[in-house]
Amino acid sequence: MGVVIRTAGEDDRELVVRLLDEAFQDDPVSSWVFPGTEYRRRTHHRLMAAFADAVLADGRVDLTEDGAACALWLPVPAGEPAGDGPGAEQGSESGEGAEDGPARIRAAVDPENERVELIARLTDGIHPSGRAHAYLWMIGVVPERQGEGLGTALIGTVLDRCDREGLPAYLEASSARGRALYERLGFEFTGRALDLPDGPRMWPMWREPRTP
């Protein structure tokens, strides 16, 4: 039987937040943003909630029917940043308020933790802006269900639509394992890695739409 996928709504918010919190507790980037296991368990869910709220408002959350996996997507018009996520700043082009997005997230999530804000600024600096694209902000699978193909199924449904519409896709892989998975799905490393200060490496990846 195939993986049943639906679009999450506001009623699914708490489920999505719990899922992302569990899925990313041991992620290299989450471990860098929130160093220390106990600190991360107390605080990490707040960042996942901020991410879920942003995408539920401006993008699309795909959720497996059994609640074991979800993918957060944002549409990014040509020449614009991706929103308030880890790869964007509102008004980042110029002027007053250019830093409001990352600073606002930091204030809401953990005001004393500068890395909450820093990750947004660093990923924004490598995010492509020349062409409209679909941005895979996050994809999470609960640990006990990883390796079952749920993530591939979630991504595949959107990539099929990208191919039909002639739309590129973009993401930042936070692990070498993730990079290998995305390469199998047609993503290519952009050639400019992001090395977080005293932290892990992230790989920006771009996928051109496939034509029939």
Got a sec: does the [atom1] of [X] have more than 12 other heavy atoms crowding it under 6.0 Å?
{"X": "Glu188", "atom1": "CD", "result": "no"}
{"X": "Asp11", "atom1": "CG", "result": "no"}
{"X": "Asp66", "atom1": "CG", "result": "yes"}

Just wondering, do [Y] and [X] contact through their side chains at under 4.5 Å, heavy atoms?
{"X": "Pro204", "Y": "Arg192", "result": "no"}
{"X": "Phe34", "Y": "Leu47", "result": "yes"}
{"X": "Ile5", "Y": "Val3", "result": "yes"}
{"X": "Val29", "Y": "Val33", "result": "yes"}
{"X": "Glu117", "Y": "Glu114", "result": "no"}
{"X": "Thr152", "Y": "Leu181", "result": "yes"}
{"X": "Val16", "Y": "Leu19", "result": "no"}
{"X": "Leu72", "Y": "Cys70", "result": "yes"}

Could you tell me the separation between the [atom1] atom of [X] and the [atom2] atom of [Y], rounded to the nearest 0.5 Å?
{"X": "Leu194", "Y": "His127", "atom1": "CG", "atom2": "NE2", "answer": "13.0 Å"}
{"X": "Met138", "Y": "Leu171", "atom1": "CE", "atom2": "CG", "answer": "12.5 Å"}
{"X": "Leu136", "Y": "Cys162", "atom1": "CG", "atom2": "SG", "answer": "10.0 Å"}
{"X": "Leu122", "Y": "Glu172", "atom1": "CG", "atom2": "CD", "answer": "10.5 Å"}
{"X": "Met202", "Y": "Asp195", "atom1": "CE", "atom2": "CG", "answer": "11.0 Å"}
{"X": "Arg46", "Y": "Asn113", "atom1": "CZ", "atom2": "CG", "answer": "10.5 Å"}

Measure across [X] and [Y] and return the closest heavy-atom pair with its distance rounded to 0.1 Å.
{"X": "Gly151", "Y": "Ile139", "result": "O-CD1, 3.4 Å"}
{"X": "Leu154", "Y": "Ala71", "result": "CD1-N, 4.0 Å"}
{"X": "Val142", "Y": "Ala23", "result": "N-CB, 4.4 Å"}
{"X": "Trp203", "Y": "Ser175", "result": "CZ3-C, 3.3 Å"}
{"X": "Ala132", "Y": "Leu167", "result": "O-CD1, 3.6 Å"}
{"X": "Ala173", "Y": "Met205", "result": "CB-SD, 4.0 Å"}

Cluster overlap Phe24 with Val61, hydrophobic side-chain contacts below 4.5 Å: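 Yes, because Phe24 and Val61 connect within a single hydrophobic cluster, where side-chain heavy atoms sit under 4.5 Å apart.
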
Is there a path of hydrophobic side-chain contacts, each under 4.5 Å between heavy atoms of I, L, V, M, F, W or Y residues, that connects Leu185 with Val141?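 Yes, Leu185 connects to Val141 through the hydrophobic network.
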
Between the main-chain N or O of [Y] and the side-chain N or O of [X], is there a donor-acceptor pair closer than 3.5 Å?
{"X": "Asp12", "Y": "Leu15", "result": "no"}
{"X": "Trp32", "Y": "Pro197", "result": "yes"}
{"X": "Ser31", "Y": "Pro35", "result": "no"}

Are [X] and [Y] close enough for a salt bridge, meaning some N to O gap below 4.0 Å?
{"X": "Glu10", "Y": "Arg13", "value": "no"}
{"X": "Arg115", "Y": "Asp110", "value": "no"}
{"X": "Glu38", "Y": "Arg42", "value": "no"}
{"X": "Glu183", "Y": "Arg179", "value": "yes"}
{"X": "Arg41", "Y": "Asp21", "value": "no"}
{"X": "Glu208", "Y": "Arg131", "value": "yes"}

Parallel, tilted or perpendicular: which fits the ring planes of [X] and [Y], with parallel below 30° and perpendicular above 60°?
{"X": "Phe187", "Y": "Tyr182", "answer": "perpendicular"}
{"X": "Tyr135", "Y": "Trp137", "answer": "parallel"}
{"X": "Tyr170", "Y": "Trp206", "answer": "tilted"}

Candidate pair Leu196 and Arg201, rule side chain to side chain contact (heavy atoms under 4.5 Å, CB included), full reasoning: CA-CA 6 Å; Leu196 300 176; Arg201 170 169 289 189; over 6 Å; no

Output every pair passing side chain to side chain donor-acceptor pair (under 3.5 Å) with a member in residues 159-169, not counting sequence neighbours, ordered by first then second residue.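 As it turns out, the side chain to side chain donor-acceptor pair (under 3.5 Å) pairs with a partner in residues 159-169, which skip direct neighbours, are Asp163-Arg207.
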
